Amino acid sequence: MLSCSDCRLGSTPALRPTQIVVQMNTRHTLLLVMATAETILEAPLTSIANIGQHEGQAVTVRGWLYNLRSSGKLLFPTFRDGTGTIQGIVPKAAVSPEVFETLKALQLESSVVVTGRVRADQRAPSGFELDVDDVHVQQAVSADDPFPITLKEHGPDFLMERRHLWMRTPRQSAILRVRATIMRAAQEFFDTQDFTRTDPPILTPAACEGTSELFEMKYFDEGNAYLTQSGQLYIEATALALGKVYSFGPTFRAEKSKTRRHLTEFWMIEPEVAYADLDDLMRLAEDFLAHIVTRVLEKHRIDLKTITGGDDKVAKLANIQAPFPRVSYDEAHAMLEKAFAEGAIEKPHEYGDDFGAPDETYISNQFDRPVMVHRYPAAVKAFYMQPDPEDATKALCVDVLAPEGYGEIIGGSQRVDSYDLLKERILSHGLPLESFEWYLDLRKYGSVPHSGFGMGIERCVAWICGLEHVRETIPFARTLNRIYP
RNA sequence: UCCGCAGUAGCUCAAUGGCAGAGCAUUCGGCUGUUAACCGAAGGGUUGUAGGUUCGAGUCCUACCUGCGGAGCCA
């Protein structure tokens, strides 16, 4: 009886060779499998990530040719399958002439099913190599039109134009795996604390905050609709229905921002908690980020090394534990004044203004973990933020700045809970009152203090992976000048 | 929207205003332990577009296009 954690053969009892044939789909494959069915049964399917569990055994790997080196009558094909890479060893004397010649002529990224024996080897980066017995070419890439992305350096334009192929490279695959873990850990954090996921609409009738530019479209006879830039206003409603809620989905900004921190389409996870104040929110934010980092470190040490090329990032992430430093706007301003006096930043920070990107970078560089900057001047913040009872010119809000200059990854606040104040704010911000009638209702029928934040997934991934640009954090990035592929 | 940088072989980049080059990729040949392997050879060019200056422009000037980085705004 076969057994293997990720082998479909092993998971189905008493699978006979003729049944394997049914899973294959070309005449060529069918004949080959019939001839080698016994071999394949003895060489269970494995993922490359788990190949070490099969040391000394014959296995089958389904994947692609990642690289090919040769030394006379010895070939070194490297295979990848989406979980990792492994180098095959093919001495001419050890395989049939057909297998040797097939592999020797194969172009990179041709799809292949390989059988071979797993052998531990100190020379291999992963510790294992595959002594190849047989290879079946699923589809051969043409030498007339070789795979465009080589192991050498490429420019961002070239790579983004071929994003559908670029993501096959080990580094890009690793980033996407870490992204998936971050998204799963983020949901897991809220799910295990009795939050209810309530996703807001993506098509909205008006601006949530009224400031940023929105993507606009016709909506039948109802006039214009807009792609959401935040689900916050809606989840305030669901929070008052369900207590603790979160939303998780794509959001859209039509801003003409061209920086390493901006996409026009990005994913945001937003919790909203009834009866929570700003201090509750900051505790939630630090526990949330610490949980995400813990999960990434549990699963992705090898991926982080692939992505960053070293162990530095793992060491830095190990520091990311609650509590995070808390710095008031006034304290942050004082830090910046001192920094300017010492020549550490180029421009002085004007008291009362929001922080610019260089200011945020300086502040975050003073700490070894994310820093929570709270109580900004109300004048530079959104209309729905609750004023600080101790200083009405300040808002009960918090920005969480990631280390190493990755900027704001979380923005949150306690929300205005007074009907009269909220109505006054809507009017003074020049927003159309009729669009916010439903939102004001939340302050009319059982209003409570409540707080929430939003975290941009892409900035979080960029920070945790140590990336130059958020365009690498999402399978298909949407930026100002690019909507292909 | 504003500021700055760039555009030369499939890719990454060279080329004082004076013969269009290299590495990688591709093809052919060599090598039994290579790790972005290495060694030899071949093929591969409307120098982003349109004008202009000049005996002569990849190089200088003007406009435009495309991309990149940043500011503002934001996550």
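Everything numeric in this text was worked out from a predicted model, so none of it was measured. All values below were derived from every heavy atom in this structure, side-chain atoms included, with hydrogens, water molecules and symmetry-related copies excluded. In what follows, chains are A, B, ... by sequence order, proteins preceding strands, each numbered from 1.
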Participant: Please check the phosphate of B:C74 (OP1 and OP2 only) for any side-chain N or O of A:Q229 closer than 4.0 Å.
Facilitator: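 For B:C74, OP1/OP2 do not have a side-chain N/O of A:Q229 under 4.0 Å.
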Participant: Would you say the base of B:C74 and the side-chain of A:R459 have a donor-acceptor pair closer than 3.5 Å?
Facilitator: yes
Participant: A:I457 near the nucleic acid: base, sugar-phosphate alone, or nothing, with a heavy-atom cut-off under 4.0 Å?
Facilitator: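 No contact.
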Participant: Write down the distance between CG (A:L480) and P (B:G69), rounded to a whole number of angstrom.
Facilitator: 11 Å
Participant: Whether the side chain of A:T150 and the base of B:C11 hold a donor-acceptor pair under 3.5 Å is what I'd like checked.
Facilitator: no
Participant: Rounding to an integer number of angstrom, what distance separates B:G21 and B:G44 when you compare their P atoms?
Facilitator: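 These two P atoms come out 13 Å apart once rounded.
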Participant: Expressed in whole Å, how much space separates the C1' atoms belonging to B:G40 and B:U66?
Facilitator: 40 Å
Participant: Just checking, A:R478 and A:F476: is the charged tip under 6.0 Å from the six-membered ring centre and within 45° of the axis?
Facilitator: no
Participant: Would you tell me whether A:S328 and A:D330 have side-chain atoms, one donor and one acceptor, within less than 3.5 Å of each other?
Facilitator: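 A:D330 and A:S328 do not have a side-chain donor-acceptor pair below 3.5 Å.
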Participant: Determine: side-chain N/O of A:K256 to OP1/OP2 of B:U1, distance under 4.0 Å, yes or no.
Facilitator: yes
Participant: Give none if B:A57 has no partner; otherwise give the nucleotide forming a Watson-Crick or G-U wobble pair with it, both distances under 3.5 Å.
Facilitator: none
Participant: Quick one: the side chain of A:H154 and the base of B:C11, do they pair up donor-acceptor inside 3.5 Å?
Facilitator: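 Per atom types, no contact qualifies.
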Participant: Send over the distance from A:E255 CD to B:C73 P, rounded to a whole Å.
Facilitator: 10 Å
Participant: Taking any heavy-atom pair under 4.0 Å as a contact, classify A:T251: base, sugar-phosphate, or nothing.
Facilitator: nothing
Participant: Regarding A:K258, tell me which of base, sugar-phosphate or nothing describes its non-hydrogen contacts under 4.0 Å with the strands shown.
Facilitator: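 Since a base atom lies under 4.0 Å of A:K258, the category is base.
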Participant: Between B:U62 and B:A71, how far apart are the two C1' atoms, rounded to whole Å?
Facilitator: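 It works out to 27 Å between them.
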Participant: Using a cut-off of strictly less than 4.0 Å, decide whether A:H469 has a side-chain nitrogen or oxygen near OP1 or OP2 of B:G69.
Facilitator: yes
Participant: B:U59 and B:U16: how far apart are their P atoms, nearest whole angstrom?
Facilitator: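 These two P atoms come out 12 Å apart once rounded.
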Participant: When all nucleic acid strands are considered with a 4.0 Å heavy-atom cut-off, which category describes A:G407: base, sugar-phosphate, or nothing?
Facilitator: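 The answer is nothing, as A:G407 stays clear of every strand by at least 4.0 Å.
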Participant: Going by purine N1 to pyrimidine N3 plus the second Watson-Crick contact, or the G-U wobble pair, all under 3.5 Å, which nucleotide sits opposite B:U46?
Facilitator: none
Participant: As a test of reading the structure: which of B:G33, B:C31, B:G69 is closest to the side chain of A:R260, going by heavy atoms?
Facilitator: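 Of the candidates, B:G69 comes closest.
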Participant: If you find the nucleotide of RNA chain B closest to A:P146 and the one closest to A:G155, which residue's nucleotide is nearer the 5' end?
Facilitator: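 Residue closer to the 5' terminus by nearest nucleotide: A:G155.
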Participant: Hey, does the side chain of A:Q232 come within less than 4.0 Å of B:C74's phosphate (OP1/OP2), counting only N and O?
Facilitator: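 Checking A:Q232 against B:C74: no side-chain N or O falls below 4.0 Å of OP1 or OP2.
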Participant: Tell me: CZ of A:F215 to P of B:C73, nearest whole Å?
Facilitator: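 After rounding, the gap between these two atoms is 19 Å.
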Participant: Rounded to whole Å, please give me the gap between CG in A:D157 and P in B:U8.
Facilitator: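 Distance, rounded to whole Å: 11 Å.
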Participant: With a 3.5 Å cut-off and heavy atoms only, can you find an N or O donor on one side and an acceptor on the other between the side chain of A:E129 and the base of B:G33?
Facilitator: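 Result: at least one qualifying N/O pair found.
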Participant: What does A:R471 touch in the nucleic acid at a heavy-atom separation under 4.0 angstrom: a base, only the sugar-phosphate, or nothing?
Facilitator: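 Touches sugar-phosphate only.
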Participant: Using whole Å, what does the distance between atom C1' of nucleotide B:G72 and atom CG of A:D359 come to?
Facilitator: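 The distance from CG of A:D359 to C1' of B:G72 comes to 13 Å, rounded to the nearest Å.
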Participant: How close or far is atom P of B:C74 from atom CG of A:L401, stated in whole angstroms?
Facilitator: 14 Å
Participant: If you check the A:K73 side chain, which of B:G33, B:C74, B:C31 turns out closest?
Facilitator: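 The closest nucleotide is B:C31.
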Participant: Please report the distance separating the C1' of B:A25 from the corresponding atom of B:C13, rounded so that it comes out in whole Å.
Facilitator: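 Pairwise C1' distance, B:A25 against B:C13, rounds to 15 Å.
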Participant: Ring centroid separation for A:F453 and A:F288, is it under 6.0 angstrom?
Facilitator: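 Under 6.0 Å, so yes.
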Participant: Does a donor on one side chain sit under 3.5 Å from an acceptor on the other, for A:E272 and A:T238?
Facilitator: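 Checked: A:E272/A:T238 side chains show no N/O donor-acceptor pair below 3.5 Å.
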Participant: Answer with base, sugar-phosphate or nothing: what part of the nucleic acid does A:M268 contact at a heavy-atom distance below 4.0 Å?
Facilitator: sugar-phosphate
Participant: Show every donor-acceptor pair shorter than 3.5 Å between a side-chain atom in residues 142-153 of chain A and any protein atom, with sequence neighbours excluded, or say none if there are none.
Facilitator:
{"unit_1": "A:S142", "atom_1": "OG", "unit_2": "A:D144", "atom_2": "N", "d": "3.0"}
{"unit_1": "A:T150", "atom_1": "OG1", "unit_2": "A:K152", "atom_2": "N", "d": "3.1"}
{"unit_1": "A:T150", "atom_1": "OG1", "unit_2": "A:H154", "atom_2": "NE2", "d": "3.1"}

Participant: Tell me which of A:P125 and A:E458 sits closer to the 5' end of RNA chain B, going by the nucleotide each one is nearest to.
Facilitator: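 Its nucleotide being nearer the 5' end, the pick is A:P125.
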Participant: Please give the distance between the C1' atoms of B:U54 and B:C39 as a whole number of Å.
Facilitator: 46 Å
Participant: Round to the nearest Å and state the distance from A:D131 atom CG to B:U32 atom P.
Facilitator: 18 Å
Participant: Would you kindly give the CG-to-C1' distance between A:N67 and B:U34, to the nearest whole Å?
Facilitator: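 Atom-to-atom, A:N67 to B:U34, this comes out as 10 Å.
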Participant: Got a second to check how far A:H54's NE2 is from A:T60's OG1, nearest 0.5 Å?
Facilitator: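 One finds 10.0 Å between NE2 of A:H54 and OG1 of A:T60.
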Participant: For A:A124, which contact category applies under a 4.0 Å heavy-atom criterion: base, sugar-phosphate, or nothing?
Facilitator: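 Nothing, no nucleic acid heavy atom in range.
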Participant: For A:R171, which contact category applies under a 4.0 Å heavy-atom criterion: base, sugar-phosphate, or nothing?
Facilitator: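 Touches nothing.
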Participant: Any salt bridge between A:E468 and A:R260, counting N to O under 4.0 Å?
Facilitator: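 Answer for the salt bridge query: yes.
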Participant: Would you indicate which nucleotide in B:C74, B:G70, B:U26 comes nearest to any side-chain atom of A:T259?
Facilitator: B:G70
Participant: Any ion pair linking A:E161 and A:R482 (charged N to carboxylate O, less than 4.0 Å)?
Facilitator: yes
Participant: Could you go through nucleotides 63-65 of chain B and list every protein N or O atom that sits under 3.5 Å from one of its N or O atoms, giving the distance for each pair?
Facilitator:
none

Participant: Regarding B:U34, can its base be found pairing with the side chain of A:Q87 as donor and acceptor, where the two atoms are less than 3.5 Å apart?
Facilitator: yes
Participant: Can A:E472 and A:Q172 be counted as having a side-chain donor-acceptor contact under 3.5 angstrom?
Facilitator: yes
Participant: Paired with B:C5 by Watson-Crick or G-U wobble geometry, both distances under 3.5 Å: which nucleotide is it?
Facilitator: B:G67
Participant: Just name whichever nucleotide pairs with B:U32, Watson-Crick or G-U, keeping both distances under 3.5 Å, else none.
Facilitator: none
Participant: What does A:L108 touch in the nucleic acid at a heavy-atom separation under 4.0 angstrom: a base, only the sugar-phosphate, or nothing?
Facilitator: nothing
Participant: By the 4.0 Å heavy-atom rule, please label A:E153 as base, sugar-phosphate, or nothing.
Facilitator: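 Base: the residue A:E153, judged by heavy atoms under 4.0 Å, touches a nucleobase.
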Participant: Report the nucleotide, chosen from B:A36, B:U32, B:A75, that has the shortest atom-to-atom distance to any side-chain atom of A:H262.
Facilitator: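 Of all the options, the side chain of A:H262 is nearest to B:A75.
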Participant: Less than 5.5 Å between centroids and less than 30° between ring planes, does A:F266 satisfy that with B:A75?
Facilitator: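 It does: the ring sits over the base of B:A75.
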Participant: Do you know which of A:P200, A:P271, A:S230 makes side-chain contact (heavy atoms from CB on, under 4.5 Å) with A:S247?
Facilitator: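 It is A:P200; the other options fail the test.
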Participant: State yes or no: are the ring centers of A:Y329 and A:F355 separated by less than 6.0 Å?
Facilitator: yes
Participant: In whole Å, measure the gap between the C1' atoms of B:U26 and B:G10 for me.
Facilitator: 9 Å
Participant: Give the nucleotide from the list B:U27, B:G33, B:G72 with an atom nearest to the side chain of A:A143.
Facilitator: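 Nearest listed nucleotide: B:U27.
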Participant: Could you check which nucleotide pairs with B:G10 in any of the strands shown, counting Watson-Crick or G-U wobble with both distances under 3.5 Å?
Facilitator: B:C24
Participant: Around A:I302, counting heavy atoms of other residues, nucleotides and ligands shown, do more than 12 lie under 6.0 Å from its CD1?
Facilitator: no
Participant: Expressed as a whole number of Å, how far does the P atom of B:C38 sit from that of B:C24?
Facilitator: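 That atom pair is separated by 7 Å.
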Participant: According to a strict under-4.0 Å criterion, is A:R261 in side-chain N/O contact with OP1 or OP2 of B:A71?
Facilitator: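 Checking A:R261 against B:A71: at least one side-chain N or O falls below 4.0 Å of OP1 or OP2.
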